[in-house]
> 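Please see the structure below; I have some questions.
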Amino acid sequence: MTPGELTGVVRSHIVDVADPPCALHTHVVAPFLNLRRAALADGFDLMPASSFRDFARQLAIWNAKYSGATPIYDASGRALEAARLAPAERVTAILQWSALPGASRHHWGTDVDLIDRNAVGAGYRVQLTAAEFTAPGPFAPLAQWLKINAPRFGFFRPYRGVLSGVQPEPWHFSYAPVAEPARQALSAGVLREALGAAGLLGVEYVLERLDELHARYVAGIDWP
Ligand SMILES: [Zn+2]
């Protein structure tokens, strides 16, 4: 992948899939559809609640939180007031739940947040919380199925709460054969380049600790 693809600035590596509706890296479509077919055979309607997300979208999420337009949450899920936090603290608080633009694995099209559409009614609002993926949550059986079967199709969980700097995300799966080369190619320098002129609020507080953020959120994952 090129620097622009690695940071989600362009989408030349992405194709739109009609069924199920999602956007994936060109080399991830077939493996994902194979995983989905196997899940269907066992009664799970495997759906990406989120797939490819571009830099502009992640930037909008970041800037809305930094400016206080949308709430920032602390580790226990309590809303914080952006205006009450010093800029450097704001950056740390946002990173608790949101990826730094350019540093999200969703930019690669290799990573998906997975749910089982058969487990909930049409009106159910997916929240992607640990409770939904732990018994008696609706997606606990899917989580169990994926634990056993996802590795056969090349998918693994990069955020298990072991080594990664990200909270455990039992819904987040990654296609290792494409994602791992991307992880190695997305250096701190590539990230710095993407953030330089992007209009990221608080950019100076990000750049001054970029090496640490890169080590924690890009390089440091839980291995396949
Ligand atoms: Zn995710």
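When a ligand or atom number is given, it counts from 1 through the structure's own listing order. These figures come from a predicted structure and were not determined experimentally. As a basis for the values below, the full set of heavy atoms in this structure was taken, side chains included, without hydrogen atoms, waters or symmetry mates. In this chain, residues are counted from 1 in sequence order.
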> Evaluate the criterion ring-ring contact (aromatic ring centres under 6.0 Å, His included) for residue pair H172 and H106; output intermediate values, then yes/no.
CA-CA 10 Å; H172 186 119; H106 285 284; 4.8 Å; yes
> Using distance alone, with no hydrogens and no angle criterion, decide if R209 and T92 have a side-chain donor and acceptor under 3.5 Å apart.
yes
> What's the atom name of the N, O or S in H172 nearest to the Zn ion (ligand 1)?
ND1
> Nearest N/O/S atom of D113 with respect to the Zn ion (ligand 1), by atom name, please.
OD1
> If I take every N, O or S atom of D111, is at least one of them less than 2.8 Å from the Zn ion (ligand 1)?
no
> Applying ring-ring contact (aromatic ring centres under 6.0 Å, His included), can you list everything that pairs with Y205, at least two apart in sequence or on another chain?
none
> Which residues pass the side-chain hydrogen bond (donor to acceptor under 3.5 Å, both in side chains) test with R53, sequence neighbours left out?
S50, Q58
